[in-house]
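Just below is one structure, and these are the notes that go with it.
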Number of protein chains: 2
Amino acid sequence: MTRPPESTALHNRIRRDMESRIMSGQWRPGERIPTEQEWMESYGCSRMTVNKALRALVQSGLLESRKRAGTFVAAPRFHRAALEIPDIRAEVEGQGLAYRLELIGRDRRKATAEDKVLLRVSSGELLALECRHFARDLPYALEHRLINLAAVPEAATVDFSAEPPGSWLLGHVPWTEAEHRITAVNADPAMAKGLGISENAACVALERWTWRGNERITYARQLYPGDRYALVAHFHA
Amino acid sequence: MTRPPESTALHNRIRRDMESRIMSGQWRPGERIPTEQEWMESYGCSRMTVNKALRALVQSGLLESRKRAGTFVAAPRFHRAALEIPDIRAEVEGQGLAYRLELIGRDRRKATAEDKVLLRVSSGELLALECRHFARDLPYALEHRLINLAAVPEAATVDFSAEPPGSWLLGHVPWTEAEHRITAVNADPAMAKGLGISENAACVALERWTWRGNERITYARQLYPGDRYALVAHFHA
DNA sequence: GGGTCATTTAAGTATATACATTATTGAGTC
DNA sequence: GACTCAATAATGTATATACTTAAATGACCC
């Protein structure tokens, strides 16, 4: 969803008028709002202009309209927040810190049983990467990544010690669908060592699957020290 | 964002045509797409109809248009996923499990220094609740909640041992903005006891702030055992 | 080469109009 | 009262048209 511009166009003024009535609670969920006729009379404009404002709000989920019955304030969409899951390098550099990547392992192989489960493919060749992200020489995250070479053959030739796999993929491979799973885990000895934290410290584990159409592109598991990292999601109507 | 209907309307067919060219990678990010003129010629329809399809895709973020220059495939919105943060009761019952709520503490008071920081108010009266959510008699989550009585005076009279505060608020108080913060913490002795897990076990800590306009409505901090709980976010273009 | 400015093009806004679709309403009938 | 069905009123779709706005283009001049 994109925020509509702060324009002075008539349909935008009408839209903002409607929005503020919803936001303020003057119109409550389920309530019926005036008809397009009434709006065009009160604004002295054409019906298409009113319609344009209404359609925008219907598309953004604030209103619902039913033929013959009218247009109604939508029940607030439950809890659906926009969660930004940023590119790690961009995030670190965005904080003004020096970013560094350490490529620990790189393996081109036929999918093992475990790979198949994680990447959700039935067979094929893939690239498995292990890496560690640093912010100002402090470990920031550990990453385990699988890239489906059937979908992204170019990946086989990329130097991932120079560019983090997430950044490279975002820039080169268009994706249409992604799923994220966020949970908390205790650091095992390897994680503790890799992140420079004490054993059993709570970490945020973020798993991500990415598709393009039906093709699996990549699987990533990123581990962050729980005391240094927070995911933030924001919703505004 | 609402998914547009599977309609047969001409502007929807045009929109789907455009969508599939983006999804398939036939049009790559940054690429310029045909002008409205060209579309109206190839579909033999009016410009407004083409425009309607374009506007919908611009609003949903798949396209960008610039005056004089044309319309372009938008760079994929970074990582912006729709994160469903459900009502706990609804979630438990949705899994077919019996839900139970235990109200541990309830305190109506003037905001303490700590309350002010959490709820982000400068003063005023609030309702502080401590509760524990159960799924089939197993502890599911601990919740610390503050409700701003200036914004929601009715809350003072609600029996929160019958209805979980989150559910009640969602049903009764329209909100326009919410922020979530997700992190991982180690269970302290009280948390471990309350959730029936071992001390230091990793937990997902989910904090939520809710507004209506400028008014703070509520703050909630929910703690879930990390090994039993996962937040899932989904994105599709 | 480089700056200026008018031209042109593509999107942005708005209107008036027509007809389609469909849920509601209400009148008429059994 | 309960069913049927036509009228109605609301949104949904589509067209033709006109003017506005802003940026890319290219011609011109220094």
Side-chain angles (χ1 to χ4, degrees), chain A residues 1-19 21-22 27-75, chain B residues 1-19 21-22 27-75:
Chain A
M1 198 171 337
T2 347
R3 50 229 134 279
E6 274 303 319
S7 132
T8 179
L10 182 51
H11 68 263
N12 277 321
R13 291 211 306 276
I14 299 177
R15 179 180 50 70
R16 282 203 300 274
D17 182 355
M18 296 172 173
E19 267 174 4
R21 285 174 207 241
I22 297 170
W27 290 347
R28 317 207 111 236
E31 191 173 327
R32 179 177 160 173
I33 75 168
T35 66
E36 299 188 355
Q37 276 292 335
E38 292 170 297
W39 283 103
M40 64 185 268
E41 279 157 22
S42 70
Y43 271 90
C45 67
S46 80
R47 197 183 136 215
M48 285 303 284
T49 303
V50 172
N51 189 262
K52 196 162 192 173
L54 284 169
R55 298 288 301 181
L57 291 175
V58 168
Q59 208 195 333
S60 76
L62 276 183
L63 294 176
E64 283 172 0
S65 51
R66 299 204 306 275
K67 284 206 188 88
R68 170 65 228 250
T71 302
F72 302 80
V73 179
Chain B
M1 197 174 329
T2 346
R3 53 227 131 278
E6 273 306 314
S7 133
T8 179
L10 181 52
H11 68 263
N12 277 321
R13 292 211 306 277
I14 299 177
R15 180 180 51 68
R16 283 203 300 274
D17 182 353
M18 295 172 173
E19 267 174 6
R21 285 175 206 240
I22 297 169
W27 289 348
R28 316 205 111 235
E31 190 173 328
R32 179 178 162 174
I33 74 168
T35 66
E36 298 188 354
Q37 276 293 336
E38 292 170 296
W39 283 103
M40 64 185 269
E41 279 156 24
S42 70
Y43 271 90
C45 67
S46 80
R47 196 182 135 215
M48 285 302 284
T49 304
V50 172
N51 189 262
K52 196 162 193 173
L54 284 170
R55 299 287 301 180
L57 291 174
V58 168
Q59 209 193 332
S60 75
L62 277 183
L63 295 177
E64 282 172 0
S65 52
R66 300 204 305 274
K67 285 206 190 88
R68 168 64 226 251
T71 302
F72 301 81
V73 179

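Computed over heavy atoms, backbone and side chain alike; hydrogens, waters and symmetry mates excluded. We name chains A, B, ... by the order of the sequence lines, and we start the count at 1 in each one.
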Expressed as a whole number of angstroms, how long is the span from [X]:[atom1] to [N]:[atom2]?
X      : N       : atom1 : atom2 : answer
M40(B) : dG12(C) : CE    : P     : 16 Å
N51(B) : dA14(C) : CG    : C1'   : 12 Å
R68(B) : dA24(D) : CZ    : P     : 8 Å
L57(B) : dA11(C) : CG    : P     : 14 Å

With a 3.5 Å cut-off and sequence neighbours excluded, list the donor-acceptor pairs that the side chains of residues 51-58 of chain A form with protein atoms.
| from | atom 1 | to | atom 2 | distance (Å) |
| --- | --- | --- | --- | --- |
| N51(A) | ND2 | E36(A) | OE2 | 3.0 |

If the cut-off is 4.0 Å, is [X] near the phosphate of [N], judged by side-chain N/O to OP1 or OP2?
X      : N       : value
R47(A) : dA10(D) : no
T49(A) : dT15(C) : yes
S65(A) : dG12(D) : yes
T71(A) : dT11(D) : yes

Nearest-neighbour nucleotide for the T35(A) side chain, dA10(D), dT15(D), dA11(C) considered
dA10(D)

Which nucleotide, dT13(C), dA14(D), dT22(C), lies nearest any side-chain atom of K67(A)?
dT22(C)

NZ/NE/NH1/NH2 to OD/OE distance under 4.0 Å, R21(B) and D17(B)
yes

